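Worth knowing before you read on, the calculation uses all heavy atoms, side chains too, and leaves out hydrogens, waters and symmetry mates. In each ligand, atom 1 is the first atom listed, and ligand 1 is the first ligand listed. Remember, it's a predicted structure, so these values are computed and weren't measured experimentally.
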Amino acid sequence: MSVLIKGGTVVTAEQSFRADVLCTDGKITQVGPDLDAADGIEVVDAGGQYVMPGGIDPHTHMQLPFMGTVASEDFYTGTAAGLAGGTTCIIDFVIPAPQQSLMEAYNQWREWSEKAVADYAFHVAVTWWDESVHHDMGRLVEEFGVNSFKHFMAYKGAIMADDEILVNSFTRAWELGALPTVHAENGELVWQLQRKLLDMGITGPEGHPQSRPPEVEGEAANRAIRIAQVLKTPVYLVHVSAKEALEAVIRARNEGQRVFGEVLAGHLMVNDSVYLDKSFEKAAAHVMSPPFRPKDHQRELWRGLQSGNLQTTATDHCCFCADQKAAGRDDFSKIPNGTGGVENRMEVLWDAGVNTGKLTMNEFVRVTSTNAAQIFNMYPRKGSVLAGADADLVVWDPEGTKTISAKTHFQNVDYNIFEGMTVKGKASHTISQGNVVYKDGELNVERGAGRYIHRPPFAPYFDAIGKVRERTKPFSVDR
Ligand code: URP
Ligand code: ZN
Ligand code: ZN
């Protein structure tokens, strides 16, 4: 089974050049000028368009059981929606309940994800600690292709990781050559602020951002980074939303510490005025953590992305419909936290990033695909347009326009945080495992076609000349 993408301009993280791309049996087999279309080959006309690595969204939560309900988007609908927007791979999160074995949770998520239509991998959250967690982290890295572990510094009384868990888990991740990641918000402060606001009679969604001010994120970001510094492990901060957190990332990077930062399309595009909407439904639809921030934070986030201090873009796609959000009608702290966007991330970033000159096309590829592939060790299988790589590609029409709406999106949620936004530049075709799965507005996906992607650990088993090296200092930081 072959597909030839003909007449386009290939855009990668490094360069842009005119070339055709031949995909056979799920892999890219040839990239070059004027490739012949043999009989029977499906030809995609990419004239006037860009051919880029499919997007990688490194932060999604499909069908997550959370805050008394389950996210409305499952692995089937969610990966399909991603394909409609040019995202061909997601990294989702296994989140064990406190005291639940990591292996049991991992197996549960693997079962749920069998219906995915596009490739996916898993980060695994460490929500509690004992010897079995230490042991299971080893099994997950060595036998099951997990190379990143997540720590929620918020959500007290549920999945919050305290300092003891952070230190134990970061230490173990370092031994294994795995990357610790954090949701940086001080969960104790959030908890106390929530109680205080509720006591004051502030029960509506406007209380959500008030209970999670930027300093709460800045403190946790700095703490996680300092813990990582002491333990000499790299660390990845998910959804950096506040300049206080970004400053902590920049300072550490300037000091030579290996710190990575992710920014959400939502945090770049949507500001905190949404929480003042008179309609509970609209304000509650935007309740996610960390919350949307004032515009001055957004300006800094863009600068963080432009400067390379933030390397990846994600969505934190975690959808709840209006009837689910209604659980917090009388108490904002009970509104299930999460918003969507897996379908729209690429187009809103192109429109607000490339069309405005904030990002070059090559930088766009870096922050929507290649950097995530490299940081999470899937490169060059993912995130590249190279012979031998997976044929996960997007054909991008820079002239195509679209007005985003929940009425027309594929996402299984009744709201869209980018509602009404008109973007110029969108996927015309998405190719997943060498198959054209999205074409001119129509999906053609196969339930269960998505594969679980094993991600090996980072420990440098081999040095530059191929000699086996001792696994004592993965990611060691030069000072
Ligand atoms: O509000 C959010 N972000 N919900 C999903 C869980 C998380 O914190 O990432
Ligand atoms: Zn989070
Ligand atoms: Zn999340």
Fill in: Closest H183 atom to the Zn ion (ligand 2) [N, O or S only]
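The nearest such atom is ND1.
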Worksheet item: Would one find an N, O or S atom of C318, in either backbone or side chain, under 2.8 Å from the Zn ion (ligand 3)?
Response: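 Of the N, O and S atoms in C318, none lies under 2.8 Å from the Zn ion (ligand 3), which means no.
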Item to complete: Look at H59 and state whether any of its N, O or S atoms is less than 2.8 Å from the Zn ion (ligand 3).
Response: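 It does; at least one qualifying atom falls short of 2.8 Å.
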Discussion item. Please report the interatomic distance CG(N355) to CG(L349), rounded to the nearest 0.5 Å.
Written reply: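 One finds 11.5 Å between CG of N355 and CG of L349.
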Worksheet item: NE2/H59 to NE2/H183 distance, rounded to the nearest 0.5 angstrom?
Response: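 NE2 of H183 is found 8.5 Å from NE2 of H59.
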For [atom], grab the closest protein heavy atom and report residue, atom and distance to one decimal in Å.
| atom | answer |
| --- | --- |
| atom 1 (O) of ligand 1 | S289 N, 2.8 Å |
| atom 7 (C) of ligand 1 | Y155 OH, 3.5 Å |
| atom 3 (N) of ligand 1 | D316 OD2, 2.6 Å |

Item to complete: Classify the ring geometry between F122 and Y106 as parallel (under 30°), tilted (30 to 60°) or perpendicular (over 60°).
Response: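 It falls in the perpendicular class, over 60°.
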Worksheet entry | Atoms of ligand 1, numbered as shown, that sit under 4.0 Å from any heavy atom of H183 |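 The list of qualifying atoms is 7 (C), 8 (O).
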Worksheet entry | Element-labelled atoms of ligand 1 that are located less than 4.0 Å from some non-hydrogen atom of H239 |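 Heavy-atom distances to H239 below 4.0 Å select 8 (O), 9 (O).
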Worksheet item: With a 4.5 Å limit on heavy-atom distance, are the side chains of F458 and N377 in contact?
Response: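 A side-chain contact exists here, since the closest heavy-atom pair is under 4.5 Å.
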Discussion item. Side chain, backbone, both or neither: which applies to M288 and ligand 1 if a contact is any heavy-atom pair less than 4.0 Å apart?
Written reply: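 Looking at M288 and ligand 1, atoms from backbone and side chain both fall under 4.0 Å.
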Worksheet entry | Polar contact flag for N337 and ligand 1 (N/O pairs, less than 3.5 Å) |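 Yes, at least one N or O pair falls under 3.5 Å.
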Fill in: Which atom of K115 lies closest to which atom of Q63, heavy atoms considered
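Minimum heavy-atom contact is NZ-OE1, 3.0 Å.
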Worksheet item: Hey, would you say the H151 and F149 ring centroids sit under 6.0 Å apart?
Response: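 Between H151 and F149, the centre distance exceeds or equals 6.0 Å.
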Worksheet entry | Which N, O or S atom of D316 lies nearest to the Zn ion (ligand 3), by name |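 Considering only N, O and S atoms, D316 comes nearest to the Zn ion (ligand 3) through OD1.
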